[in-house]
Asker: 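A single structure is presented below for examination.
Within every chain, numbering begins at 1; the chains are lettered A, B, ... in the order of the sequence lines, protein sequences first and strands thereafter. None of the values given here were measured: they were computed from a predicted structure.
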Number of protein chains: 2
Amino acid sequence: MARKTGSHSEITGPRIRDAALRLFARYGFAAVSMRQIAAEVGVQAGALYLYTPDKETLLFDLLKSHMDELLAAWEAEPKDEDPLTRLERFVRFHIRFNLERPDAVFLSYMELRNLGPDNFRRIESLRRAYEDELETILRDGVRQGLLSIPDTKIATLAIIAMLTGVTTWYREGGRLSRDRVGDIYWDMVRKAVSA
Amino acid sequence: MARKTGSHSEITGPRIRDAALRLFARYGFAAVSMRQIAAEVGVQAGALYLYTPDKETLLFDLLKSHMDELLAAWEAEPKDEDPLTRLERFVRFHIRFNLERPDAVFLSYMELRNLGPDNFRRIESLRRAYEDELETILRDGVRQGLLSIPDTKIATLAIIAMLTGVTTWYREGGRLSRDRVGDIYWDMVRKAVSA
DNA sequence: TCTTGTATTGAACACACGTTCAGTTAACTT
DNA sequence: AAGTTAACTGAACGTGTGTTCAATACAAGA
């Protein structure tokens, strides 16, 4: 038996990535076997190797895609003049983007250690590029006297950690809408860095 | 060959826990084998089972001990009257305590998913107890008109996420002392929740 | 010095792992 | 209708997994 009716590369490839993302996020990279991923897709383990050279590359591609999408989506946001408006946009953007991809966010913050040194560095530099976007906003705000921040680098990391934490507790259909969550976090961030 | 000179249960036990904590934090629970832990201690894998019934219980004991220590250490802190002073104490306490145990902190936030349902619930309820300590402070502050917080539950989680994030970037002997880090975060937290 | 009990070894168990590949089938091309 | 190719199977490879346990070597007590 081989090649079931109606199966194609364009379908199986994404399905493998989807299954891997969900399983890695739920159980951890090392705890998930290639056979589990294959079973989820409805295929034998060997077939996965038509789509990825090995397991680590599968993880890397997921992380890389996530970071690329994150940076591209932020680039696509309108560019405001006022640092305070830009900061508000960043806060709401980060929450919205992360709540739409909780699995990818979790992976990105938890499974970097399963990457080899080279792959690790590539993801890290994308992450730093994203952090720099926020820090630039904060620095501009300080320079214009709109914000008061003892250390913009730490403030950057603190704000991102705080915002990213949303994914750990937010549940769809819960007490609060996404917009309301955005309002609440923006209130805290704005006050935390205000002059 | 068996039982090397000068080895005792009181020594091997803690050494196993130390090695397991370090390895689990660095490589992840599932990625670390009992043989690796044993090798770190200088013992054969079978010997570990004199100290733990199985691998998951070893992880659980590490997480449980960490949470117990965390709650006990917070209990031992002076109890202030003023909510603002209590909040400042909490912020500085959390940073100080976590920076002293980066491995245990990392484990506690990353490897809960490797616990069975019962063990998971036990750790979760300890975590919730700790979060309640902070939320009580925030609520008292709001009630006395000292703080302005749209949602104390979210503020609790946001503050803890922000503070815990310190362990991901702080390096001993780096640009900032621990006290300075405490100052910076307290500045941000105070402003974020101030009336 | 001899006995007793504890800490540890080392081999074995059954199973699961990531990965490879010759073989097989369905779909596409001509 | 025949030939070609892409998609996938199923079995196998060597290695590693958590865990058990009889055998053993040391330390302490009498």
Asker: Name all residues meeting the ring pair (Phe, Tyr, Trp, His ring centres under 6.0 Å) criterion together with Phe106(A); count only those two or more places apart in sequence or in a different chain, and write none if there are none.
Answerer: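 Phe106(A): no ring pair (Phe, Tyr, Trp, His ring centres under 6.0 Å) contacts found.
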Asker: Figure out the CD1/P separation between Ile37(A) and dT19(C), and round it to whole Å.
Answerer: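 Spelled out: CD1 on Ile37(A) to P on dT19(C) is 10 Å.
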Asker: Is Asp140(A) salt-bridged to Arg143(A), going by a charged N under 4.0 Å from an acidic O?
Answerer: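 Salt bridge flag = yes for Arg143(A) with Asp140(A).
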Asker: Is Val32(B) touching bases, backbone alone, or none of the nucleic acid, heavy atoms closer than 4.0 Å?
Answerer: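 Result for Val32(B) = sugar-phosphate.
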Asker: Under the ring pair (Phe, Tyr, Trp, His ring centres under 6.0 Å) test, which residues partner Trp186(B), sequence neighbours left out?
Answerer: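 Per chain and number, Trp186(B) pairs via ring pair (Phe, Tyr, Trp, His ring centres under 6.0 Å) with no residue.
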Asker: Taking atom P of dG18(C) as reference, at what distance in whole Å does atom CD1 of Ile16(A) sit?
Answerer: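 Taking CD1 of Ile16(A) and P of dG18(C), I get 14 Å after rounding.
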Asker: For Asp54(A) and Leu48(B), take the nucleotide of DNA chain C holding the closest heavy atom to each; which residue's nucleotide lies nearer the 5' end?
Answerer: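 Its nucleotide being nearer the 5' end, the pick is Leu48(B).
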Asker: Any side-chain N or O of Tyr51(A) below 4.0 angstrom from OP1/OP2 of dA7(D)?
Answerer: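 Indeed not, no polar side-chain atom of Tyr51(A) lies that close.
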Asker: With sequence neighbours left out, what residues match Ala30(B) under side chain to side chain contact (heavy atoms under 4.5 Å, CB included)?
Answerer: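 So Ala30(B) forms a side chain to side chain contact (heavy atoms under 4.5 Å, CB included) with Ala30(A), Ala31(A).
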Asker: Which residues pass the side chain to side chain contact (heavy atoms under 4.5 Å, CB included) test with Ala39(B), sequence neighbours left out?
Answerer: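 Counting only residues at least two positions away or on another chain, Ala39(B) forms no side chain to side chain contact (heavy atoms under 4.5 Å, CB included).
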Asker: How close or far is atom P of dC13(C) from atom CE of Met34(B), stated in whole angstroms?
Answerer: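 Rounded to the whole Å, the gap is 21 Å.
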Asker: Roughly how many Å is it from CD1 in Ile11(B) to P in dA27(D), rounded to a whole number?
Answerer: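 One finds 12 Å between P of dA27(D) and CD1 of Ile11(B), rounded.
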Asker: Do Arg35(B) and dG16(D) have a side chain to base donor-acceptor pair shorter than 3.5 Å?
Answerer: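 Checked by distance alone, the answer is no.
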Asker: OP1, OP2 of dT17(D) versus side-chain N and O of Ser33(B): anything below 4.0 Å?
Answerer: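 Yes, within the criterion.
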Asker: Below the 4.0 Å mark, does dA7(D) have OP1 or OP2 next to a side-chain nitrogen or oxygen of Thr12(A)?
Answerer: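 So the side-chain polar atoms of Thr12(A) never come under 4.0 Å of the phosphate oxygens OP1 or OP2 of dA7(D).
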Asker: Only distances under 3.5 Å count here; give the side-chain donor-acceptor pairs of residues 15-27 of chain B to other protein atoms, sequence neighbours excluded, each with its distance to 0.1 Å.
Answerer:
{"residue": "Arg15(B)", "atom": "NH2", "partner": "Val41(B)", "partner atom": "O", "Å": "2.6"}
{"residue": "Arg17(B)", "atom": "NH2", "partner": "Ser65(B)", "partner atom": "OG", "Å": "3.1"}
{"residue": "Arg22(B)", "atom": "NH2", "partner": "Glu40(B)", "partner atom": "OE2", "Å": "2.5"}

Asker: Write down the distance between CG (Asn114(A)) and P (dG18(C)), rounded to a whole number of angstrom.
Answerer: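 Asn114(A) atom CG is separated from dG18(C) atom P by 12 Å.
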Asker: Considering only nitrogen or oxygen atoms on both sides, find all protein atoms under 3.5 Å from nucleotides 20-22 of chain C and state each distance.
Answerer:
none

Asker: Would you check if the side chain of Lys191(A) reaches a backbone N or O of Ser194(B) as a donor-acceptor pair within less than 3.5 Å?
Answerer: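 Yes; judged by distance alone, with no hydrogens or angles, the pair exists.
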Asker: Using whole Å, what does the distance between atom P of nucleotide dC17(C) and atom CZ of Phe29(A) come to?
Answerer: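 Those two atoms, CZ and P, are 13 Å apart.
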